[in-house]
Protein chains: 2
Amino acid sequence: MAATDTALAGLRQMIASGALGPGAKFPPEPELCERLGVSRSSLREAVRSLAALGVIESRHGSGTYVSALDPAEIISRFSLSVQLIPLEGVLQLLEVRRVLEAHATAAAAARQDPDLAPLLDKILEQLEATTDAAEIQRLDAEFHDAICAAGGNPTVTALTAVIRGRGGHYRIFEPGSEFDAIKQTSDRGHRAILAAIAHRDPAAAATAASAHIAQTELWLRALRPEPQPD
Amino acid sequence: MAATDTALAGLRQMIASGALGPGAKFPPEPELCERLGVSRSSLREAVRSLAALGVIESRHGSGTYVSALDPAEIISRFSLSVQLIPLEGVLQLLEVRRVLEAHATAAAAARQDPDLAPLLDKILEQLEATTDAAEIQRLDAEFHDAICAAGGNPTVTALTAVIRGRGGHYRIFEPGSEFDAIKQTSDRGHRAILAAIAHRDPAAAATAASAHIAQTELWLRALRPEPQPD
DNA sequence: TGGTGGGGAGTGGTCTGAGGACTTAGGAGG
DNA sequence: CCTCCTAAGTCCTCAGACCACTCCCCACCA
């Protein structure tokens with residue numbers, strides 16, 4: 001087995017076996033090198049791999065630690081790779097988001113948090129008042145994030161946020177011929193979601209959320225805009 | 001900015017800008033070092049990070065390449081970190097699986113693939129005939145995988161497979177006092193799913209799949225078994 | 001007594017240089 | 001035309017050195 005793979009398997013095993021739980025500190029690099037039988041370079045590459053996956057955290061001058069192993073944090077690490085996926089794959093991911101967010105929106109409606117509807121209304125008022133693309137994206141994310149968070153499953157919230165972040169790179173809302181029609185349709189979709197939540201109607205909430213995101217999918221398929229780097 | 005982060009951002013930018021598309025080959029390491037202004041160690045750690053996320057592939061003796069950037073492949077990279085997530089997080093992930101797999105099962109029922117029902121029936125016959133834990137796990141995965149694949153979204157298939165792989169580490173089916181009852185309930189759940197698919201009934205299929213996975217969640221919450229390393 | 005600042009040990013981050021292992025393409029030989 | 005082999009190209013691993021950062025302890029001062 002290759003040296004880096006040996007180190008990777010060894011580190012993974014130390015966590016999987018329960019020897020090191022969430023937040024635990026690894027031995028210093030020289031000791032790990034000796035124990036795993038690899039050079040420091042190879043060990044560090046293995047550590048980097050696990051760090052990229054959100055399993056390990058290296059703190060300069062302090063040590064190397066097992067992460068909290070929280071699924072939401074781990075999922076958020078995938079943002080980097082998701083942001084590089086081409087359009088065809090993004091459409092598949094949007095179907096995932098549509099299904100999950102419909103579920104989360106229904107859960108939010110069922111939970112009857114009295115503070116949620118006023119918060120969402122405040123966000124929508126700002127959203128409806130602006131025509132700035134970046135501002136639209138920020139407020140849209142805030143709206144959907146608040147709903148998902150109210151759904152009660154942080155993992156679902158993280159997953160939908162990662163996918164939404166990718167969709168945001170395709171600037172549907174750039175000023176153009178279709179801008180007004182798209183913006184109005186989007187605003188109406190948000191209001192429909194809020195209305196369903198305010199009426200404590202989970203089924204209507206799921207339908208409204210699903211329709212809203214399906215609309216985004218249709219725009220992406222039709223416009224096929226170029227993604228914006230950075 | 002730290003050296004490794006500089007290299008990471010540079011590599012990422014080369015892909016995001018469109019300079020290197022899926023499958024494209026990177027320049028050799030020495031040239032990348034010079035262009036990005038970092039040493040080979042730092043460059044290699046950055047490459048390892050992106051490789052862990054499924055964005056880059058290094059082939060010994062050949063070169064470094066951009067991956068296919070296929071969302072299903074990228075999601076499968078997740079498997080390593082998901083397998084280390086503790087029970088509490090697994091339950092959150094199972095909710096994701098339940099929602100997605102209900103959706104995929106409904107889609108499979110709606111698609112009316114004539115080969116699907118016979119295939120599933122054959123798998124279930126084998127599954128119902130065995131009491132070996134590993135065999136149960138393998139056939140169960142095969143059953144659900146075939147359904148998700150028929151759902152038509154490879155990303156959903158990959159995501160559910162990763163989560164299912166984690167659930168499999170908690171051996172619900174180890175021989176014990178509850179074994180027979182659990183096995184029978186599980187078998188009945190599979191049959192209900194198959195019946196709904198055979199009857200081309202998407203709503204019933206979604207309900208059956210959702211109930212089947214919800215049952216797994218209940219077992220995990222109740223039994224709280226210890227995960228099996230390796 | 002309690003707070004504060006500095007210093008030193010511990011630890012991860014980066015660079016350099018060297019040699020080994022693997023892949024691939026192209027030419028020699030059949 | 002096919003096969004085998006050579007050689008160039010490229011990534012993989014190791015070793016050693018030095019730098020940067022964190023944290024704890026202790027002397028110092030109010």
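Sequence lines set the chain letters: A, B, ... in the order given, protein chains first and strands last, and positions in each chain run from 1.
- Side-chain N/O atoms of A:R48 and base N/O atoms of C:dG13 include no donor-acceptor pair closer than 3.5 Å.
- Salt-bridge check for A:R138 with A:E135: passed, with a basic side-chain N closer than 4.0 Å to an acidic carboxylate O.
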Determine all donor-acceptor pairs shorter than 3.5 Å in which one atom belongs to a side chain in residues 151-161 of chain A; sequence neighbours excluded.
from: A:N153; atom 1: OD1; to: A:T155; atom 2: N; distance (Å): 2.9
from: A:N153; atom 1: OD1; to: A:V156; atom 2: N; distance (Å): 3.3
from: A:N153; atom 1: ND2; to: B:Q92; atom 2: O; distance (Å): 3.2
from: A:N153; atom 1: ND2; to: B:E95; atom 2: OE1; distance (Å): 3.0
from: A:T155; atom 1: OG1; to: B:Q92; atom 2: OE1; distance (Å): 2.5
from: A:T157; atom 1: OG1; to: A:C148; atom 2: O; distance (Å): 3.3
from: A:T157; atom 1: OG1; to: A:N153; atom 2: O; distance (Å): 3.3
from: A:T160; atom 1: OG1; to: A:V156; atom 2: O; distance (Å): 3.0
from: A:T160; atom 1: OG1; to: A:T157; atom 2: O; distance (Å): 2.9

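- Spacing between atom NE2 of B:H60 and atom C1' of D:dG9 amounts to 11 Å, rounded to whole angstrom units.
- For the residue pair A:H212 / A:H144, a side-chain donor-acceptor distance below 3.5 Å is found, with atom types taken as modelled.
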Restricting both atoms to N or O, compile the protein contacts to nucleotides 23-25 of chain D shorter than 3.5 Å, with distance only.
none

Name each donor-acceptor pair under 3.5 Å that joins a side chain in residues 73-80 of chain B to protein atoms two or more places apart or in another chain, with its distance.
from: B:S76; atom 1: OG; to: B:E73; atom 2: O; distance (Å): 2.6
from: B:R77; atom 1: NH1; to: B:A51; atom 2: O; distance (Å): 2.6
from: B:S79; atom 1: OG; to: B:Q83; atom 2: NE2; distance (Å): 3.2

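- Here the P atom of nucleotide C:dG12 and the CZ atom of A:R44 are 8 Å apart, to the nearest Å.
- In this structure, the CG atom of A:D5 is 13 Å from the C1' atom of D:dT13, given to the nearest Å.
- When heavy atoms are screened at a 4.0 angstrom cut-off, B:S42 is found touching the sugar-phosphate backbone but no base atom.
- Near DNA chain C, meaning a heavy atom under 4.0 Å away, there are no residues from residues 25-37 of chain B.
- Listed candidates were D:dA15, C:dC15, D:dC11. Nearest to the side chain of B:T64 is D:dC11.
- Across all strands, B:S41 comes closer than 4.0 Å to base atoms (heavy-atom distances).
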For nucleotides 6-9 of chain C, give me every protein contact, N/O to N/O, under 3.5 Å, one pair per line with atom names.
none

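- A salt bridge does not link A:K122 with A:E125: none of the charged nitrogens is closer than 4.0 Å to a carboxylate oxygen.
- Residues that satisfy the salt bridge (Lys or Arg N to Asp or Glu O under 4.0 Å) test with A:D5, not counting sequence neighbours, are absent from this structure.
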